[in-house]
K.L.:
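Pasting a structure below so you can have a look.
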Amino acid sequence: MRRLVGLLLLMLATPAFAHGDLREIRAGEPVVLRPDRAYLLFRTLQPPRVVPNSPVFLRIPTAAELDRYRQARARAYQAASPDLTRRYEEARQRQSNGAAPPRPPSLETFNFVYTEQQNVDFVSLGRPFVRGRPESLYLVETTPGDYVFYGLRYGGGSIGALHVCWCLGTVGFSADAGSITDLGYILSDRIHEVSALPELAAESGYGPSIYGPLILWGATVRPVRPDSSVPESLRTLPIRPGRYRAVGRFLEPRALAINRLAVVPGILDYDDRGRVVDPTTSRHVPDIVSSE
């Protein structure tokens with residue numbers, strides 16, 4: 001998971017938070033696993049007074065994808081450089097005495113919008129494979145790779161729809177081609193009231209003052225268990241349990257709110273200073289700092 005260094009490159013460059021590579025498989029749709037695609041299976045719970053939200057997943061860019069991004073950014077900066085230099089010189093001439101000098105243009109500060117690739121996507125909770133109450137089941141097709149449970153989505157289609165990111169601690173997992181990765185349960189709820197979900201009870205009940213104009217959500221995962229529901233139509237297909245791993249803290253400047261996943265026993269924990277701990281090793285999980 002140290003390949004997460006630089007994971008924000010494509011996320012921050014994505015101009016629209018709309019469906020990209022991920023596709024929900026709808027109820028009644030025949031399920032045929034493609035050998036070049038990965039499949040995610042998970043369940044949600046919505047007992048009385050629980051309001052779940054759509055999960056956002058980020059796929060860690062491959063080395064080739066990062067190279068394409070860097071090359072596209074360098075080309076765009078070279079094309080924009082004459083205009084950036086002109087505006088910089090004009091700003092210098094307008095500078096008043098005592099004012100901070102303008103920053104000269106550079107590749108590092110170039111405001112680049114990348115539209116060739118999207119590695120962040122959400123699952124719409126309105127498109128289940130099996131709809132139920134309190135439990136619904138979702139099956140989604142996506143690109144194979146390493147993923148991070150990145151946040152929750154809310155509202156319309158802009159990047160502002162990243163309602164909350166798990167910037168203070170979350171989990172990751174791998175999704176292999178040609179098979180279904182069973183993620184167990186993805187549990188989320190508003191946390192101004194004490195949640196009816198046992199996993200979120202200890203990290204909820206903070207009262208309405210925690211959100212102001214925005215409702216704050218909490219979430220966690222419950223790994224798959226032998227008694228977890230599986231539709232008959234999927235029982236003959238290759239399904240493997242998802243293997244979660246702890247992911248350290250990271251920066252996402254465009255999230256409307258930040259939080260952390262609630263503790264996942266044996267997978268994700270925190271010390272008394274809020275640092276992410278891997279319970280399997282009792283060691284801190286390093287924070288993620290982009291090198292770009």
Side-chain angles (χ1 to χ4, degrees), residues 22 24-29 40-57 121-140 149-157 160-171 173 181-234 241-242 244 255-270:
L22 186 152
E24 298 98 344
I25 297 176
R26 306 295 290 272
E29 182 180 341
L40 307 178
L41 173 69
F42 68 88
R43 305 149 192 84
T44 61
L45 290 176
Q46 190 176 5
R49 302 188 355 262
V50 168
V51 181
N53 205 335
S54 296
V56 175
F57 297 109
D121 210 343
F122 67 94
V123 178
S124 172
L125 295 190
R127 301 170 184 167
F129 186 70
V130 177
R131 184 183 299 277
R133 196 69 178 262
E135 180 174 312
S136 292
L137 183 143
Y138 296 81
L139 179 65
V140 297
F149 182 18
Y150 201 72
L152 295 177
R153 178 183 185 267
Y154 183 76
L162 182 60
H163 186 87
V164 57
C165 76
W166 309 132
C167 298
L168 303 180
T170 186
V171 294
F173 58 89
T181 300
D182 193 333
L183 299 177
Y185 290 78
I186 293 180
L187 306 175
S188 61
D189 193 11
R190 301 174 300 180
I191 58 173
H192 57 286
E193 298 179 350
V194 177
S195 178
L197 299 173
E199 290 91 341
L200 297 181
E203 295 204 14
S204 59
Y206 299 112
S209 62
I210 65 167
Y211 60 79
L214 294 173
I215 296 174
L216 185 60
W217 260 266
T220 192
V221 297
R222 181 191 298 173
V224 63
R225 303 186 298 206
D227 60 348
S228 298
S229 61
V230 177
E232 286 296 328
S233 59
L234 302 182
Y244 287 113
L256 298 180
I258 66 172
N259 202 348
R260 67 183 192 183
L261 283 195
V263 168
V264 184
I267 296 170
L268 175 68
D269 205 351
Y270 305 93

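We number each residue from 1, following the sequence as shown. The figures that follow rest on heavy atoms only: side chains count, while hydrogens, waters and symmetry mates do not.
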K.L.:
Whether the side chain of D182 engages the backbone of V224 through a donor-acceptor N/O pair (distance < 3.5 Å, no angle test) should be reported.
P.N.:
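Between the backbone of V224 and the side chain of D182 there is no qualifying donor-acceptor contact (under 3.5 Å).
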K.L.:
Evaluate the side-chain proximity of L261 to Y270: yes if any heavy-atom separation is below 4.5 Å, no if none is.
P.N.:
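SC-SC contact between Y270 and L261 confirmed.
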K.L.:
Which pair of non-hydrogen atoms, one from G218 and one from L200, has the smallest distance, and what is that distance?
P.N.:
O-CD1, 3.9 Å
K.L.:
Could you give the distance from CZ (R26) to CZ (F129), rounded to the nearest 0.5 Å?
P.N.:
12.0 Å
K.L.:
Please name the pair of heavy atoms, one in A219 and one in S188, separated by the smallest distance, quoted to 0.1 Å.
P.N.:
CB-CB, 3.9 Å
K.L.:
Would you mind telling me which of V56, L22, V140 makes a side-chain contact (heavy atoms from CB on, under 4.5 Å) with D121?
P.N.:
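So, applying the side-chain contact (heavy atoms from CB on, under 4.5 Å) to D121 and each of V56, L22, V140, only L22 qualifies.
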K.L.:
In Å, rounded to the nearest 0.5 Å, how long is the span from NE2 of H192 to CD1 of I215?
P.N.:
6.0 Å
K.L.:
Working to the nearest 0.5 angstrom, can you tell me the gap between T220 OG1 and I267 CD1?
P.N.:
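It is 8.5 Å, given to the nearest 0.5 Å.
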K.L.:
Mind checking whether W217 and I191 have side chains closer than 4.5 Å, heavy atoms only?
P.N.:
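No, side chains not in contact.
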K.L.:
Could you go through the side-chain contact (heavy atoms from CB on, under 4.5 Å) check for R153 and H163 one step at a time?
P.N.:
CA-CA 5 Å; R153 178 183 185 267; H163 186 87; over 6 Å; no
K.L.:
Measuring only between side-chain heavy atoms, which start at C-beta, is L162 closer than 4.5 Å to Y150?
P.N.:
yes
K.L.:
What are the two closest non-hydrogen atoms of G242 and T181, and how far apart are they?
P.N.:
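Smallest heavy-atom distance, with atoms named: CA-CG2, 3.6 Å.
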K.L.:
Going from CG on N53 to CG on L187, what distance comes out if it is rounded to the nearest 0.5 angstrom?
P.N.:
13.0 Å
K.L.:
For the residue pair L183 and L41, establish whether any side-chain heavy-atom pair is separated by less than 4.5 Å.
P.N.:
no
K.L.:
Using the side-chain contact (heavy atoms from CB on, under 4.5 Å) rule, take D189 and S204 through it: C-alpha gap first, then chi angles, then the decisive distance, then the call.
P.N.:
CA-CA 9 Å; D189 193 11; S204 59; over 6 Å; no
K.L.:
Can you tell me how far apart CZ (F122) and OG (S54) are? Round to the nearest 0.5 Å.
P.N.:
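So the gap between those two atoms works out to 6.5 Å.
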K.L.:
So V164 and I258, do their side chains get closer than 4.5 Å, heavy atoms only?
P.N.:
no
K.L.:
Taking side chain as C-beta onward, heavy atoms only, is V221 less than 4.5 Å from F149?
P.N.:
yes
K.L.:
Give a yes-or-no answer on whether the side chains of Y185 and E199 include a donor-acceptor pair shorter than 3.5 Å.
P.N.:
no
K.L.:
Do the side chains of P55 and L125 get nearer than 4.5 Å, heavy atoms only?
P.N.:
yes
K.L.:
Does a donor on one side chain and an acceptor on the other come within less than 3.5 Å for S229 and E135?
P.N.:
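Yes - a donor-acceptor pair under 3.5 Å links their side chains.
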K.L.:
Which atoms form the tightest heavy-atom contact between A201 and V194, and what is the distance?
P.N.:
O-CG1, 4.2 Å
K.L.:
For Y138 and F42, run ring-ring contact (aromatic ring centres under 6.0 Å, His included): C-alpha distance rounded to whole Å, both residues' side-chain angles, the deciding distance at 0.1 Å, then the answer.
P.N.:
CA-CA 5 Å; Y138 296 81; F42 68 88; 5.3 Å; yes
K.L.:
Would a 4.5 Å heavy-atom cut-off, applied to side chains only, mark N259 and L216 as touching?
P.N.:
yes
K.L.:
Give a yes or no answer on whether the side chain of R222 reaches the backbone of G184 with a donor-acceptor pair at less than 3.5 Å.
P.N.:
no
K.L.:
Measuring from atom CZ of R43 to atom CG of L45, what distance do you get when rounded to the nearest 0.5 angstrom?
P.N.:
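The CG atom of L45 is 10.0 Å from CZ of R43, to the nearest 0.5 Å.
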